Amino acid sequence: MINEISKDRLSRAALCVVAAMALAAAGCSNQPTVTKVDVNDPNSGALTSAAIDPQDWNNAGAAMVQSLLNSGALDNAPHKPAILVISRIKNETSYDVDVDLLTKNIRIALLQTGKVQVSTTAGLGGNAEDPYAQEEAQKNQFLNNAPEQEHDYTLSGKIIEQYTHVGDQRQHTYTFQLSLTDIRTGTAVWEDQRQVGKVISSPDVGF
Amino acid sequence: MRIVRPLLILAALAAMGCSSGTINTVGRAQSEGRPNVVADRRVITDPGLDQAVQPVGVSESIVSGDLTKIQVEVYNTTNNAVKFYYKFEWYDDQEMVVDSPMSIWTDRTIQAGEQIPLVGVAPTPNAKDFRLKLQFAPN
């Protein structure tokens, strides 16, 4: 009698364990899988969307830096290295993007060449990228009569989105426009434009 | 015989529709440019890629006063358009790699029979040596 009761308890316990394991397995299979990718490696499996992808920002920035260096526009800079201020770069796409995705790589590449330094204490409307450095610079000018930083060039531009629809296909074209303005003359000494086109044949999710 | 001619015409029309477009080019008979040609060293691990994107010349110039610019002409010897990626890597005078936001894989398409230039600009004045990497675009 005791043996029969024990066997019954064992089989119920085993059944509970099996049921619990099955539930756990079902829960685990619904977990999303995450894969690390290198957005600059075409073989890494990085995704391509209808929006501006990291690869697009990186490629546009690299191409535009190369164009600027090719042009020789920095050869006649009043200061060596030239001092550059980032001015207005308008986002005219349907996405809420940070234009630093374009300009930061450009700044890094230009700084590496030794031909350009970007001011972090000057900006559009007096808004500095580094407010503390701006305060210290202003304090230094006031207390020590230090000269105000002279700026040589500004970088401005626009990112535009165009949309085309033919049959069941849609095309998004993103145009990156940049201008380098000589502050002494108020004229552009370099300009460039790059385009990225995306064709979507079925509904796609952007961001 | 009466059916041969229409069949030949149909076959020719079909061939026109199916063939991949190739590129015809026109330029000066005698080039006035004087490129500064660079002797290159190649490592070919993919013969198919070498046929589709075949380097046919490397030249060098200086831009922005002291930055090395390299132009590699590549030619597609196949009968099909090919999508590929390329990347310029740069090395300084101690053969150390110079990391740069400009050293990224860039995609291009080269048509059958087309020759195109691939251009790289050095990230620093002391980056003189380069390595151009090529690969087919993944499917």
Side-chain angles (χ1 to χ4, degrees), chain A residues 37-48 53-77 80-82 84 100-116 118 153 180 189-190 192 194-199, chain B residues 35-36 45-46 49 52-53 59-72 82-93 96-110 116-128 130 132-139:
Chain A
V37 297
D38 177 357
V39 297
N40 289 316
D41 181 355
N43 289 307
S44 70
L47 300 178
T48 300
D53 300 312
Q55 310 88 295
D56 303 324
W57 292 109
N58 295 339
N59 276 307
M64 294 178 116
V65 168
Q66 192 157 285
S67 164
L68 173 57
L69 295 174
N70 253 337
S71 72
L74 299 169
D75 291 353
N76 298 321
K80 299 232 190 293
L84 174 69
D100 277 352
L101 290 170
L102 177 67
T103 57
K104 194 62 168 182
N105 274 340
I106 292 175
R107 292 169 52 167
I108 293 168
L110 289 178
L111 185 67
Q112 255 188 331
T113 65
K115 300 183 183 304
V116 172
V118 177
Y153 301 104
L180 186 76
V189 295
W190 168 82
D192 197 16
R194 301 283 157 160
Q195 291 184 311
V196 174
K198 308 280 186 82
V199 173
Chain B
N36 185 12
T45 60
D46 186 338
L49 176 64
V53 190
S59 54
E60 174 184 26
S61 68
I62 299 293
V63 296
S64 286
D66 56 4
L67 297 175
T68 300
K69 173 181 170 181
I70 292 291
Q71 177 167 301
V72 179
V82 169
K83 186 172 177 186
F84 67 99
Y85 283 85
Y86 75 95
K87 174 165 82 164
F88 277 94
E89 289 179 344
W90 291 90
Y91 298 83
D92 64 16
D93 49 9
M96 303 299 283
V97 67
V98 181
D99 200 19
S100 164
M102 292 195 286
S103 291
I104 55 172
W105 289 102
T106 303
D107 62 298
R108 288 290 297 272
T109 298
I110 184 169
I116 61 173
L118 305 179
V119 178
V121 175
T124 63
N126 69 340
K128 300 293 184 191
F130 70 96
L132 172 64
K133 293 183 172 177
L134 301 158
Q135 62 171 316
F136 277 124
N139 292 327

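Each chain gets a letter, A, B and so on, in the order its sequence line appears, and its residues count up from 1. No experiment lies behind these values; they were computed from the predicted model shown.
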*Asks:* Most heavy-atom pairs under 4.5 angstrom with chain A, which of B/Pro125, B/Pro123, B/Gly65, B/Ala127?
*Replies:*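 That would be B/Pro123.
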
*Asks:* In terms of heavy-atom pairs under 4.5 Å, which option from B/Asn126, B/Val121, B/Thr124 contacts chain A the most?
*Replies:*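 Of B/Asn126, B/Val121, B/Thr124, B/Val121 has the most heavy-atom pairs under 4.5 Å with chain A.
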
*Asks:* Please classify the contact of A/Leu69 with chain B as side chain, backbone, both or neither, using a heavy-atom distance under 4.5 Å.
*Replies:*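 Both backbone and side chain.
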
*Asks:* Determine yes or no for a side-chain-to-main-chain donor-acceptor pair under 3.5 angstrom, with A/Gln66 supplying the side chain and B/Val119 the backbone.
*Replies:*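 Such a contact is found between A/Gln66 side chain and B/Val119 backbone.
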
*Asks:* Find out whether B/Ser64 and A/Asp75 are in side-chain contact, i.e. whether some heavy atom of one side chain is under 4.5 Å from a heavy atom of the other.
*Replies:*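 When only atoms from C-beta onward are counted, A/Asp75 and B/Ser64 do touch, with a gap below 4.5 Å.
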
*Asks:* Please give me the minimum heavy-atom distance between A/Asn59 and B/Trp105, naming the atom from each residue.
*Replies:*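 Shortest heavy-atom separation between A/Asn59 and B/Trp105 comes out as OD1-O, 3.3 Å.
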
*Asks:* Under 4.5 Å heavy-atom distance to chain B, tell me which part of A/Asn70 shows up: side chain, backbone, both or neither.
*Replies:*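 Contact with chain B is through both the backbone and side chain of A/Asn70.
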
*Asks:* Side-chain contact test, heavy atoms from C-beta onward, threshold under 4.5 Å: evaluate it for A/Gln112 versus B/Pro101 and give yes or no.
*Replies:*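 Contact flag for A/Gln112/B/Pro101 side chains = yes.
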
*Asks:* If the test is side-chain contact (heavy atoms from CB on, under 4.5 Å), which one of A/Ile106, A/Val65, A/Ile108, A/Asn105 qualifies with B/Met102?
*Replies:*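 Testing each of A/Ile106, A/Val65, A/Ile108, A/Asn105 against B/Met102, the sole residue satisfying side-chain contact (heavy atoms from CB on, under 4.5 Å) is A/Val65.
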
*Asks:* Could you check whether A/Gln55 and B/Asp107, counting side-chain N and O atoms only, form a donor-acceptor pair closer than 3.5 Å?
*Replies:*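 Not at all, the side chains of B/Asp107 and A/Gln55 share no donor-acceptor pair under 3.5 Å.
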
*Asks:* Would B/Leu67 and A/Lys115 satisfy side chain to side chain contact (heavy atoms under 4.5 Å, CB included), going step by step from the backbone distance to the final call?
*Replies:* CA-CA 10 Å; B/Leu67 297 175; A/Lys115 300 183 183 304; 3.7 Å; yes

